[in-house]
Amino acid sequence: MLLKEYRICMPLTVEEYRIGQLYMISKHSCEQSGGGEGVEVVKNESDTHPEYGRGQLTEKRIYLNSKLPAWAKTFVPRFFYVTEKSWNFYPYTITEYSVSYLPKFSIRIETRFENNNGDNSNVFGDTPTQAENVSFLDILSDPIPEKHYKESEDLSRWQSSKTGRGPLENGWRDNHKPIMCSYKRVQCSFEVYGLQTRTEEFVHRIIRDILLVGHRQAVSWIDEWHGLSLEDVREYEQVMQEKTNSKVKSSQNTQSPTPPRPAFSRSMSVTDERSLMKMGAMPDLSVPNSPVRLNSTPE
């Protein structure tokens with residue numbers, strides 16, 4: 001298991017981000033859905049936790065079939081998806097990812113939001129994350145994949161007409177008011193001998209990109225959500241979920257049928273995986289050519 005803690009600061013308050021987060025996730029999920037892929041919301045309902053109190057439970061299916069390499073498509077379901085379950089007890093959330101046919105693979109993300117610049121060394125109140133496993137992500141200057149870049153989301157050019165905030169400048173985290181930090185403790189586990197380390201590091205690189213893009217969007221879209229009430233944004237969330245689900249399902253229903261796939265009498269073994277890599281049928285995850293991206297945003 002590879003554990004890392006990411007700290008992402010934003011020029012917002014924790015109370016503001018409660019609205020911005022819900023808005024960003026709903027809009028981002030809808031933008032990333034289509035062509036039979038994207039995010040389908042299966043469940044979104046209130047929930048009470050014995051320790052954290054009343055919150056919101058959300059379950060999603062993230063369809064990724066076209067992102068898979070050719071060798072994997074021979075034995076996975078036609079509509080491959082990752083299950084995301086999230087418990088939102090703001091300002092604390094838990095998000096878990098799993099794949100039904102990969103029981104040894106899992107991701108767990110715990111998040112705490114605080115009004116500071118990321119200087120809390122034990123925000124989760126149990127065992128502090130070792131310093132070498134803590135990374136500060138800068139939404140202003142850290143690079144993101146070129147295909148996700150939009151000038152309107154570039155915070156060095158961003159200016160909010162509603163709040164007067166922006167653009168951000170180098171060193172903004174040390175002196176900007178207001179400021180908050182999203183602390184994320186991410187545990188990735190893929191217990192397969194010979195592939196564990198590379199796969200877990202690969203997944204962390206994907207998560208890092210998702211966190212940077214998502215938090216940049218939450219800030220740059222502030223004029224769209226600032227001033228909304230929790231009831232307003234929940235109503236927006238419901239409308240966007242229906243639209244997103246419709247986009248995913250309609251695309252799947254109109255896709256042409258594919259030939260049946262061969263049945264396998266056993267799971268792929270470590271030996272099989274090594275043989276596939278030698279033959280060039282399975283990519284080396286240490287240098288991914290086309291990374292698989294979860295088209296969602298960890299809360």
Side-chain angles (χ1 to χ4, degrees), residues 4-14 16-33 37-39 41 44 56 58 60 62 64 67 82 84-88 90-97 107-114 118 135-156 158 160 165-166 168 173 179-186 188 203-226 228 233 236-237 240-241 244 291-299:
K4 292 187 178 183
E5 182 180 314
Y6 300 98
R7 301 180 188 179
I8 312 102
C9 290
M10 290 173 285
L12 307 170
T13 66
V14 169
E16 285 175 330
Y17 188 60
R18 185 177 191 181
I19 304 299
Q21 178 195 45
L22 295 173
Y23 183 92
M24 175 268 293
I25 291 172
S26 297
K27 181 177 176 178
H28 178 90
S29 296
C30 191
E31 285 187 347
Q32 296 298 313
S33 298
E37 298 198 349
V39 183
V41 180
N44 189 358
Q56 196 80 4
T58 307
K60 302 175 183 178
I62 307 168
L64 298 167
K67 309 294 193 303
V82 174
E84 174 192 291
K85 289 186 178 180
S86 180
W87 294 264
N88 190 337
Y90 202 86
Y92 175 70
T93 67
I94 303 170
T95 306
E96 296 178 347
Y97 297 90
I107 301 172
R108 176 183 170 87
I109 302 175
E110 293 178 85
T111 305
R112 285 238 180 237
F113 305 103
E114 289 193 345
S135 297
F136 283 87
L137 303 185
D138 193 330
I139 58 175
L140 170 65
S141 59
D142 281 356
I144 62 172
E146 185 177 353
K147 67 178 182 179
H148 291 301
Y149 176 82
K150 294 181 181 178
E151 186 174 329
S152 61
E153 297 170 7
D154 186 334
L155 299 182
S156 67
W158 159 74
S160 168
R165 300 172 203 172
L168 298 183
R173 191 166 62 87
I179 190 167
M180 64 161 288
C181 184
S182 172
Y183 294 83
K184 292 186 175 288
R185 183 162 61 182
V186 181
C188 176
V203 171
H204 271 281
R205 290 197 296 270
I206 295 172
I207 290 173
R208 180 186 179 280
D209 287 346
I210 292 173
L211 293 178
L212 280 170
V213 172
H215 287 78
R216 283 164 59 107
Q217 290 175 333
V219 174
S220 62
W221 295 344
I222 189 171
D223 286 344
E224 299 178 30
W225 57 261
H226 197 273
L228 296 178
V233 79
Y236 173 82
E237 183 182 48
M240 295 302 283
Q241 285 176 5
T244 301
V292 177
R293 301 194 179 280
L294 302 182
N295 290 327
S296 185
T297 306
E299 296 191 7

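For reference, positions follow the sequence shown, starting with 1. Values in this document were obtained by computation on a predicted structure and should not be read as measured data.
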Validation row: [X], [Y] side chains within 4.5 angstrom (heavy atoms):
{"X": "Y97", "Y": "C188", "value": "no"}
{"X": "L155", "Y": "S220", "value": "yes"}
{"X": "Y236", "Y": "K27", "value": "yes"}
{"X": "W87", "Y": "E96", "value": "yes"}
{"X": "K60", "Y": "I25", "value": "yes"}
{"X": "D154", "Y": "Y149", "value": "yes"}

ask   = Do the side-chain N and O atoms of Y90 and Q21 include a donor-acceptor pair separated by under 3.5 angstrom?
value = no
Short side-chain donor-acceptor distance under 3.5 Å, T93 and N88 = no
ask   = Regarding R7 and the six-membered ring of Y183, is the cationic atom NZ or CZ under 6.0 Å from the ring centre and inside 45° of its axis?
value = no
query = Has R173 got its NZ or CZ under 6.0 Å from the middle of the six-membered ring of F136, at an angle within 45 degrees of the ring axis?
reply = yes
query = When Y23 is tested against each of H226, E224, H28 for side-chain hydrogen bond (donor to acceptor under 3.5 Å, both in side chains), which residue passes?
reply = E224
ask   = Of L137, I210, I139, L12, which is the lone residue that meets side-chain contact (heavy atoms from CB on, under 4.5 Å) with H215?
value = I139
inquiry  = Applying the side-chain contact (heavy atoms from CB on, under 4.5 Å) criterion to K184, which one of I207, T95, I109 satisfies it?
reply    = I109
query = Is it true that E5 and R185 make a salt bridge, defined as a side-chain N closer than 4.0 Å to a carboxylate O?
reply = no
key: Considering all heavy atoms, the nearest G38-S33 contact   = CA-OG, 3.4 Å
